[in-house]
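Report on the structure given below.
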Amino acid sequence: MVRFAFRRSRGLAMDFRIGTDLEINEQPFAHAVTMNLFAYFHTELVQTLGRLAEAGQLPQGLDLARLTVEPPRDPSHGDVSTNAGMVLSKPAGKPPRVIAELLAEALRAHPAVTEVAIAGPGFLNWRLDDGFWRARLGELLAAGARYGDSAMGGGAAVNVEYVSANPTGPMHVGHARGAVFGDALASLLAKAGFAVCREYYINDAGAQVDVLARSAHLRYREALGEAIGDIPEGLYPGDYLKETGAALAARDGDKWLNQPEAAWLPAIRAFAIDSMLAMIKSDLALLGVKHDVFSSERALSESGAVDRALQTLEAAGLVYTGTLEPPKGKLPEDWEPRPQTLFRATAYGDDIDRPLKKSDGSWTYFAADIAYHLDKYRRGFAQQIDVLGADHGGYVKRMQAAVKAISNGNAALDVKICQLVQLFKDGEPFKMSKRAGTFVTLRDVVEEVGKDVVRFMMLTRKNDQTIDFDLAKVKEESRDNMVWYVQYAHARTQSVLRRARVEIPDLALDSAALLAADLAPLGDPAEIALIRQLASWPRQVESAAEAHEPHRVAFFLYELAGGFNTLWHKGNDDASLRFVLAHDRRTTLARLALVQAVAYVIASGLQVFGVEPVMEMM
RNA sequence: GUCCUCGUAGCUCAGCUGGAUAGAGCAUCAGUUUCCUAAACUGAGGGUCAUGGGUUCGAAUCCCGUCGAGGACACCA
């Protein structure tokens, strides 16, 4: 039995302890799960509150849901902060500062806490000594790029459905955003301890794939030497179907040439869908995007799953026949009042009830999608995420209503809408691809700037913001270019390590040597500040995963790169702060351990994005 | 007309699910920089968080209204 309730609180109940001893090499590190230090202090405080309640100093059974332990917004306030005084004041019947003082007393006894202060309306702030931070660095070095792996998800199954582009043509840039977003979100959730399934829903049913079949048949005739002239209105004009037509001709010869449509359509449709799917998969491979499961709408429908799903809804009294109001705004020309089979979506928060059957009696796309989400639920996914394009905004409420209905409220669907990507080059809108006819393909963009730049760029904005993607600007070497700046910081860590090997050739710098380094020489405020930044990575992972917002990782990495460069430049002003000091091996080793830690965390973040860290800027 | 998303510095955007004096980058201004190769670094100025109410110890964040931008609006997928 898995309980999800704890996900709602920001502090997480964890069943492992953080070491406060300063012997960094003795940190217990059985599983590659690292500590969110704020979660650690959250549990400490909860335990303290329990003891205070037993001692009669506070009421029993206080609701701790709103208790947070976070870094203060202003670092001058301290390293860690809690709002306990304020949120417990009313239920406990004591002033905020009194509660804060009770907790402060316990904190002062903690070996790593150097300073405790009560501030403002009742914040409790405290600082941690340098040894505590050096111990975090030790943990980090032991974990390597797996630093930040979390047990938060508790192995709970999550299904992330993304891309799901219609198998009728190549992928374009809009698809690329959803693909990268879904892929990174899945990786992020996996890092946060969820059992993630990456899924693609193939829309291989409906009129569109019949159109595809007719378009492919035309190209097939062309491949056999017929002059087909212009592509008729209503068929897909893209050149990419020439290959499909030629491949079909090669396989089947003139077998379909003088046949009625009914004879060839199913076979050619299947052939064309396979061909399109192969093309889509190769486009995705270019981006490094992979899925675990491909689900076919047609297969689902033919298995009778749609009928069964609708029967369960019907049994729950959620299906009825009714006539909808005419749509507001522009009225479709052929609109007429007509009784339809409807899903009572309004019972679950939607604005109107939604049609399940078309006028010809077949199921709507929505009906099939209900069956598909029920299928995911039956496969064990109580947490589902759909990544959709901006034009699907109006679809969210009804799908969430449907998921609640088919699961009796036991499953939750989060829908992430990815806004548009506008391509520019030197400020001018980027030209469309000839090959695809009407849009810029994913392939065009990847060939232009490379897979890693595309992936990173797609994650530098929150999903509900539009992205202006300038293909020239991402090649700029400046702080204005987030991708370059982060990659450059990683390259600089490597360049420092290379430099050290030249300056002190006999100093061992492998990961074991750095892990064993005595970190005591690290004490400059700028060094400790950088460790603080690094040590916040586990918390960043958890909060980004919880919010389903991978873009936070991009901003974190950007700030970390800034912190590293700050320290690097301090070495220019003050030579004693350089990473490599030929005359002082002990300090050099400690500093290089810090440099290596920066490299690990950047690599760890880039891993979530599916981006390779750069070892050297060319 | 309804619904969704958005509105934060001159520009491009963050803001950790309600916290303290709202932050970065670019641009501007003033410094530093023959340095572990790097177009980099330090500092300053710049804000009625579109707007009017409400909720509470506390609101850019939550609720309602208004204005503005984009998108979607039976039977397509």
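A note on names: the letters A, B, ... follow the listed sequences, proteins ahead of strands, and every chain is numbered from 1. Heavy-atom basis, side chains included; hydrogens, waters and symmetry copies ignored.
The aromatic ring centroids of A:Tyr488 and A:Phe564 lie 6.0 Å or more from each other. Centroid-to-centroid, the aromatic rings of A:Tyr558 and A:Tyr485 come within less than 6.0 Å.
When the nucleotides B:C75, B:C57, B:C16 are ranked by their closest atom to the side chain of A:Arg552, B:C16 comes out on top. Comparing B:C57, B:A38, B:C75 against the side chain of A:Ser359 picks out B:C75 as the nearest. With distances taken from any side-chain atom of A:Trp568 to the nucleotides B:A72, B:A40, B:C36, the minimum falls on B:C36. Of the candidates B:A39, B:A74, B:G19, the closest approach to any side-chain atom of A:Leu324 belongs to B:A74. Of the candidates B:A74, B:U37, B:A60, the closest approach to any side-chain atom of A:Pro355 belongs to B:A74. Of the candidate nucleotides B:C41, B:C75, B:G19, B:C75 has the atom lying nearest to any side-chain atom of A:Gln340. For A:Lys90, counting side-chain heavy atoms from C-beta on, the closest listed nucleotide (B:C26, B:C36, B:C57) is B:C57.
For a distance-only test at 3.5 Å, the side chain of A:Arg73 fails to qualify as a donor-acceptor partner of the base of B:G18. The base of B:C16 lies close enough to the side chain of A:Arg539 for a donor and an acceptor atom to sit less than 3.5 Å apart. Judged by distance alone, with hydrogens and angles left aside, A:Asn572 brings a side-chain donor or acceptor within reach of the base of B:C35, the pair sitting under 3.5 Å.
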Q) Hey, mind stepping through A:Tyr320 and A:Asp353 against side-chain hydrogen bond (donor to acceptor under 3.5 Å, both in side chains) and telling me if it holds? A) CA-CA 10 Å; A:Tyr320 70 102; A:Asp353 293 331; 2.4 Å; yes

Q: Might you work through the side-chain hydrogen bond (donor to acceptor under 3.5 Å, both in side chains) test for A:Glu542 and A:Asn36, ending with a clear yes or no?
A: CA-CA 8 Å; A:Glu542 290 179 357; A:Asn36 173 346; 2.7 Å; yes

Q: Check the pair A:Tyr372 / A:Tyr201 against ring pair (Phe, Tyr, Trp, His ring centres under 6.0 Å), numbers first and verdict last.
A: CA-CA 9 Å; A:Tyr372 174 48; A:Tyr201 183 48; 4.0 Å; yes

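A:Pro72 comes within 4.0 angstrom of a nucleotide base, judged by non-hydrogen atoms across all strands. Residue contacts shown for A:His551 are limited to sugar-phosphate atoms, with no base heavy atom under 4.0 Å away. Contact annotation for A:Ser81: base contact, defined as any heavy-atom pair under 4.0 Å involving a base atom. Within 4.0 Å of A:Ala390, counting heavy atoms only, lie sugar-phosphate atoms of the nucleic acid but no base atom.
Going from the C1' atom of B:G18 to that of B:U55 covers 11 Å, rounded to whole Å. Spacing of C1' atoms, B:G23 relative to B:G47, comes out at 11 Å, to the nearest Å. B:C26 and B:A20: their P atoms are spaced 26 Å apart (whole Å). Look at the C1' atom in both B:G10 and B:G70: the space between them is 23 Å, to the nearest Å. Comparing B:C11 with B:U34, their P atoms sit 36 Å apart, to the nearest whole Å. The separation of B:G7 from B:A50, taken at their P atoms, amounts to 8 Å, rounded to a whole angstrom. The same atom, C1', is picked in B:A44 and in B:U51; the two are 32 Å apart, to the nearest Å. With both ends at atom C1', the span from B:C73 to B:U66 equals 23 Å, rounded to whole Å.
Remark: A:Arg398 is not positioned above the aromatic ring of A:Phe343, lacking an NZ or CZ atom under 6.0 angstrom from the ring centre and at most 45 degrees off the axis. For A:Arg539 and A:Phe556, the positive end is not near the middle of the six-membered ring at less than 6.0 Å and at most 45° from its axis.
Between A:Trp363 and A:Lys357 the shortest side-chain heavy-atom distance falls below 4.5 Å. A:Phe181 has its side chain within reach of A:Lys416: a pair of non-hydrogen atoms, C-beta onward, lies under 4.5 Å apart.
Between the CG atom of A:Asn463 and the P atom of B:A14 there is a distance of 10 Å, given to the nearest Å. Taking atom CH2 of residue A:Trp335 and atom P of nucleotide B:C73, one finds them 17 Å apart after rounding to whole Å. Distance CD (A:Gln422) to P (B:G71): 10 Å, rounded to an integer number of Å. A:Asp350 places its CG atom 13 Å from the C1' atom of B:A72, with the value rounded to the nearest Å. The nearest whole Å value for the distance from the CD atom in A:Gln487 to the C1' atom in B:A40 is 18 Å. In this structure, A:His490 places its NE2 atom 16 Å from P of B:U37, rounding to the nearest Å. Between A:Leu88 atom CG and B:G18 atom C1' the separation is 15 Å, expressed in whole Å. If you take NZ of A:Lys473 and C1' of B:A39, they are 14 Å apart, rounded to a whole angstrom.
Residue A:Tyr485 places at least one side-chain N or O closer than 4.0 Å to OP1 or OP2 of B:C41. Using a 4.0 Å cut-off, some side-chain N or O of A:Arg479 falls inside it from OP1 or OP2 of B:C41.
In this structure, B:U5 is classed as anti because its glycosidic torsion departs from zero by more than 90°.
Taking the nucleotide of RNA chain B with the nearest heavy atom to each of A:Arg398 and A:Val580, the more 5' of the two is matched to A:Val580. Across the interface with RNA chain B, nearest-nucleotide mapping of A:Tyr395 and A:Phe579 shows A:Phe579 to be the residue nearer the 5′ end.
Here the NE2 atom belonging to A:His42 is positioned 7.0 Å from the CG atom belonging to A:Leu64, to the nearest 0.5 angstrom.
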(Q) Walk along nucleotides 2-12 of chain B from 5' to 3' and tag each nucleotide B, S or - by protein heavy-atom contact under 4.0 Å, base first, then sugar-phosphate. (A) -SSSS-----S

**Q.** Watson-Crick and G-U pairing of RNA chain B written in dot-bracket, each distance under 3.5 angstrom, with | for inter-strand partners
**A.** (((((((..((((.....[...)))).(((((.......))))).....(((((..]....))))))))))))....

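Judged by distance alone, the side chains of A:Ser576 and A:Asp574 do bring a donor and an acceptor atom under 3.5 Å apart.
With hydrogens and angles disregarded, a donor-acceptor distance shorter than 3.5 Å links the side chain of A:Asn83 to the backbone of A:Arg66.
Near RNA chain B, meaning a heavy atom under 4.0 Å from it, residues 555-565 of chain A has A:Phe555, A:Tyr558 in order of number.
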